[in-house]
Amino acid sequence: MRKDGELAKGYAPEAIEEKWYSIWIEKEFFNAEIDKSKPPFSIVIPPPNVTGSLHMGHAFNNTFQDILCRVRRMQGYSVLWLPGTDHAGIATQNVVEKDLASKGITRHELGRGAFVEKVWEWKKIYGDRIIQQMKKLGNSCDWRRERFTFDEGLSRAVREVFVRLYKKDLIYKGKYIINWCSRCHTALSDLEVEYDETPGKFYYVRYPFEDGVATEPFGDGIVVATTRPETILGDVAIAVHPRSERFKALIGRKVRVPLSADGGSGRVIPIIEDNMVDPEFGTGCVKITPAHDPNDFLVGLRHDLPQLQVIDENGFMNEEAGIYKGLSIKDARARSAEDLEKQGFLLRTEDMTHSVGHCHRCNTTVEPYLSEQWFVRAKPLAERGVKAVQDGLIRWVPEQWEKTYFQWMENIRDWCISRQLWWGHRIPAWTCGDCGHVTVSGTDPTQCESCKSQNIVQDEDVLDTWFSSALWPFSTMGWPEKTPELEYFYPTSLMVTGFDIIFFWVARMIMMGLEFMEKEPFKDVYIHSLIRDEHGQKMSKSQGNVIDPLDMIDKYGADALRMALAALSTQGRDILLSRGKIETYRFFMNKLWNAARFALMNLDDDPAKIDPACLRLQDRWILARVQEVVEQETRLIDEYDIGSAARLLYDFVWGDFCDWYLEMSKPALRGDEGEDRKRTAQGVLDEVFVTLLPLLHPFIPFVTEELWEAFGYNTGSALMVAAWPKPKGEYRFDVGRAMQDFQDTVRTLRNLRAEAHVSPQQWMGKAVIRAGRSERPEAQRPETAAALKETLPLVSMLCRVKEIDLSSTSAPRPSQCLSSVIGDGEICLQVGDVLDIDAELVRLKQELASVEKTVAASRSRLDKPDFVARAPQEVVEKERARVAEGQAQVLRLQENLKSLSR
RNA sequence: GGUUGGUUAGUUCAGAGGUAGAACGCUUCCUUGACACGGAAGAGGCCACAAGUUCGAUUCUUGUACCACCCACCA
């Protein structure tokens, strides 16, 4: 049953969005069922952090996935879109700590247990909030299956993976130099460090020879350039390049460290040779500080040097630093420089820039720090990951990202997975207080597996949050159990995410999926670009340039936001978003709404039928266009080209359908062309909407669902579960060219009118279309003449011309008219005394010049024998037709000029 | 140092080997029986630069410049 004329004049999203969302939930349309009669389609959502609220990046990412899920559902797939959230170790711990700090509490005052309780409380509030926000967007996730990376099932999966990797010797513990954030008080993986070019200083420091023997060309010591004089206290050697003639004589000699912990004379250290030294850089000699520099650490291992730590985990000088103890790194640097200078060891300083690592969560300078950590041996896992992509098991879209992935995977380094935090999966390893053996176990052990002692203590550390995210595609479906979900929905069909987490997440999911499921975690991985503000800046709270998706939904509706994000998306370029751009798509919603309103005002209760005999040019054209759109839309979606898919619908609805077809359908719908024509025009409207609404639904689910109901199409069920349209052969009419000519005619006539500044109130005159020049048969288009004849009343209506005649070009030309050539004919608009002869002469001359130019261009092409011989026949023909038509137009324009000048 | 992407209208961006498109902004006109969240007309571009391939390059290739991004190194 149609809602006859009940539609409000303007589209109001707030009234319908909530209503439809609860209906969809109530009817269980989002529920994924294991249905072997249908092909599966599955996506696991990139789980947002529980720390904050939904931002534009989430909205974009989710819109993309929802569009794909809704299309596949309509295409008959059994769709699983599995939602959830991430516990986000450091990020969440930081937020909660900050919150506590505002109340004057530290986590240490609370203790580990109570603190973790607090974080859980936080998670409950903010985790729920972000889920609510996803629902407002219209996400069609199966909410029954919502998971959390730190929930019971997933924690079990994490432990299982840890134990299995440990047993395979793919996880190990060791004392290595790692990235340390002294504020977060934890180790970081290489990926969690962001490097910035920072101004610094080179300190040129002299290390005197221990034996006091001066040696040319060095004098009584050698000079080393360093940016970190505070680490001199931790020096254990000086290294030079082995094949450097200049330094050869020095190898094996000893120097004295120019600073000491007690203020006296420094330790004696050897001069060694190592390939790591670049003889061209700095002074050609490097001080070796294994405990505070990653390269020096490796040199130290090669030469069996001691690891002397002088900086502690809080970023202060430690016991070993003696008189410097307690100074911050910054203060110690100044103080060492001062002392070196006083004692004549500092020769000079030099300004320079170098890149300095910062914690990507809190921006504190990251220190290389020596400590015991857990690592994943990444190489064997990465090799399988590379092979899977090479074998075509996983397809990257756009393809270029494959290269980025390979480069990283082929140079992968071991992954530091332990974090000195409280919020996260605790490492399932127990160290024996008696024998020192480490017991790693899936269930909490009561005794040491080696000596059976009960004196065992669990490792304090937790796992990197990405460790659990890496398991997301299968842990969410019940692994390590063999569940029906895994069997039916794994591997997932598609992963949708941003390029910023290819290494953090995508690569690691691939490695873990292959290792534990023996199958790739997803078949396609779509990498989208990032959302920025209208000036191309990253959106951030501190910059104040954040556009909150929830605000936008409140203001413009979820559909407008979704359509904007979809239509603005392009491959390989960031999306610059602004409120104005979203508003554009809000206007589109209103346009669609009003087109539907117009249709409903003109449709009767009983369905109209199309009588093929009553179809006119515009009907055939729009029906044929709809079939093309169905075809293209389906193809674009399959190619994940969501941007083009959205723009195609936008342009079709606004341009072809509203601007042209609806206007042209008005006389028939009014009944001006008889009852049969009215019924057929109604049938065409019906046909367009019944096809168009399903195509639009994945992008703008709310408004289309409302309209589907208003049109009465929802017999039995909702649009959300309607079938995806297929092109209909009976509507493939070949009328594109004729319609094009019709449109050109209308546009030209309107243009003439606008040029003459004649308003419709002032005057509705007569126009004559002169067409069909017999002496130029190659430039003739009989189908156009026929079509124009049929649609002449429409030309008159659209151009607001009272009277219109179609005549032959051999017929006499009307007097006192504006004219313009079109095709092989011309359009004359009789304007009577209003005609400004001088202005018209100028205009005609311009038109003549432009036609002559195109004719000349085509001619020069045709004059080249190579062109005629080598260009495809149809291109040559086109040029010939262009010349012929142009020549006809030149003649006509010359005639007109002559008759006007008289 | 290396990788990848970008350079098209005032702005933001599509685009395709065969005469350059949209949105927003701008100018003029129009409250016409769906829509002023609208309609009509218009102005506005050596498609960054250079060479090559081609009958033909804004489109393909290679360089150059500039802008982004990422990776590595930085004593």
Side-chain angles (χ1 to χ4, degrees), chain A residues 7 9-11 190 195 197 200 202-203 224-228 231 238-239 276-278 281-289 293 295-296 352-356 398 400-401 403-404 407-408 411 499-500 502-503 529-530 534-536 556 560 567-568 570-578 580-581 583-602 643-644 647 650-651 654-655 658-659 662-663 666 670 746-747 750-755 757-761 797-800 853-854 857-858 861 864-872 874-876 878-879 882:
Chain A
L7 249 43
K9 192 176 170 189
Y11 170 55
D190 294 334
Y195 291 91
E197 283 298 313
F202 257 143
Y203 298 81
V224 167
T226 179
T227 54
R228 303 195 56 193
T231 63
I238 298 290
M276 154 267 201
V277 183
D278 175 359
F281 190 89
T283 63
C285 332
V286 185
K287 70 189 205 61
I288 301 299
T289 322
D293 182 278
N295 281 316
D296 294 2
M352 48 89 80
T353 57
H354 57 160
S355 68
V356 173
Q400 82 217 30
W401 292 109
K403 213 170 169 179
T404 310
Q407 265 169 14
W408 190 73
N411 298 299
F499 58 76
D500 52 333
I502 287 177
F503 306 144
S529 40
L530 303 185
E534 56 193 312
H535 309 292
Y556 303 116
L568 292 171
T570 55
Q571 296 186 348
R573 208 190 262 221
D574 288 343
I575 297 159
L576 273 50
L577 194 67
S578 65
K581 283 180 178 175
E583 197 172 37
T584 300
Y585 294 90
R586 171 65 181 86
F587 296 158
F588 176 68
M589 297 309 133
N590 197 55
K591 187 73 181 176
L592 176 68
W593 182 264
N594 274 288
R597 187 163 156 258
F598 170 79
L600 287 166
M601 286 165 62
N602 285 287
S644 302
R647 277 175 253 129
Y650 181 97
D651 291 341
W654 206 308
C658 289
D659 289 345
L662 284 188
E663 293 306 320
K666 282 175 181 176
R670 267 198 303 264
V746 169
R747 274 193 273 255
R750 281 168 171 172
N751 173 256
L752 286 178
R753 258 266 303 281
E755 297 268 352
H757 298 289
V758 191
S759 75
Q761 279 83 8
M797 179 193 75
L798 292 174
C799 302
R800 307 199 153 257
K853 206 174 141 190
T854 46
S858 289
R861 241 165 262 149
K864 280 196 221 159
D866 275 348
F867 174 74
V868 182
R870 300 194 189 206
E874 64 200 62
V875 172
V876 177
K878 221 165 141 188
E879 291 295 343
R882 199 174 284 155

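Throughout, protein chains are lettered first and strands after them, A, B, ... in sequence-line order, and every chain is numbered starting at 1. Every value quoted in this text rests on a predicted model; they were computed, and no experiment measured them.
- Using a 4.0 Å heavy-atom cutoff across all strands shown, V868(A) reaches no nucleic acid atom at all.
- At the heavy-atom level, D278(A) lies under 4.0 Å from base atoms of the strands shown.
- In this structure, the nucleotide among C55(B), C13(B), A23(B) sitting nearest to the side chain of L576(A) is C13(B).
- For the residue pair K878(A) and S858(A), no side-chain donor N or O sits within less than 3.5 Å of a side-chain acceptor on the partner.
- Side chain E663(A) to base A34(B): a donor-acceptor pair is found below 3.5 Å.
- Among the atoms of the strands shown, only primed sugar atoms or phosphate atoms (P, OP1, OP2) are found under 4.0 Å from some heavy atom of F202(A).
- The base of C55(B) has none of its N or O atoms less than 3.5 Å from a complementary donor or acceptor on the side chain of K864(A).
- G6(B) atom C1' lies 15 Å from atom CD of Q571(A), rounded to whole Å.
- The shortest distance between the side-chain N/O atoms of K9(A) and the OP1/OP2 oxygens of A36(B) is below 4.0 Å.
- Using a 4.0 Å heavy-atom criterion, one finds that R586(A) contacts the bases of the nucleic acid, with or without backbone contacts as well.
- Taking atom CH2 of W654(A) as the reference point, atom C1' of A23(B) lies 10 Å away to the nearest angstrom.
- Within 4.0 Å of A857(A), counting heavy atoms only, lies no atom of the nucleic acid at all.
- Separating the CZ atom of R573(A) from the P atom of G6(B) is a distance of 8 Å, rounded to the nearest angstrom.
- Residue contacts for K666(A): at a heavy-atom cut-off of 4.0 Å it reaches a base atom on one of the strands shown.
- For the pair D866(A) CG and A57(B) P, the interatomic distance rounds to 13 Å; values are reported in whole Å.
- Residue T570(A) is classed as a sugar-phosphate contact, given heavy-atom separations below 4.0 Å to backbone atoms only.
- Within the nucleic acid shown, K287(A) has no heavy atom closer than 4.0 Å to any nucleic acid atom.
- Considering only the side chain of Q407(A), U3(B) comes nearest among U3(B), G5(B), A41(B).
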What are the atom names and distances for every N/O pair under 3.5 Å that joins the protein to nucleotides 60-63 of chain B?
none

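- Within 4.0 Å (heavy atoms only), T227(A) reaches sugar-phosphate atoms of the nucleic acid but no base atom.
- As rounded to whole Å, 6 Å separates atom C1' of C69(B) from atom CZ of F499(A).
- Taking only side-chain atoms of F587(A), from C-beta outward, the nucleotide of A40(B), G18(B), G38(B) with the closest atom is G38(B).
- Candidate nucleotides U3(B), U12(B), A34(B) were compared by shortest atom distance to the side chain of K403(A), and U3(B) ranks first.
- For RNA chain B, if you chain together Watson-Crick or G-U pairs that step i with j, i+1 with j-1 and so on, the runs of at least three with distances under 3.5 Å are B:4-7 with B:65-68, B:10-13 with B:21-24, B:26-30 with B:38-42, B:48-52 with B:60-64.
- Regarding N602(A), its CG atom lies at a distance of 7 Å from the P atom of A34(B), rounded to whole Å.
- Among the heavy atoms of the strands, none lies under 4.0 Å from R228(A).
- Salt-bridge formation is not detected for the pair R586(A)/E583(A): no Lys NZ or Arg NE/NH1/NH2 atom is positioned less than 4.0 Å from an Asp or Glu carboxylate oxygen.
- For K581(A) and A22(B), the NZ to P distance is 17 Å, given to the nearest whole Å.
- Residue-level contact check: R882(A) touches the bases, meaning some heavy atom is under 4.0 Å from a base atom.
- The residue among R670(A) and G282(A) whose nearest nucleotide of RNA chain B lies closer to the 5′ end is R670(A).
- Residue T226(A) is in sugar-phosphate contact alone, with no base atom involved, counting any heavy-atom pair closer than 4.0 Å across all strands shown.
- The residue L662(A) sits close to a base: some heavy atom pair falls under 4.0 Å.
- Base contact: P872(A) has a heavy atom under 4.0 Å from a base atom.
- The side chain of F867(A) sits closest to C55(B) out of C55(B), C71(B), A34(B).
- Counting to the nearest Å, the C1' atom of C70(B) and the CH2 atom of W408(A) are 13 Å from each other.
- The A871(A) side chain lies nearest to G18(B) when the options are G18(B), C71(B), A34(B).
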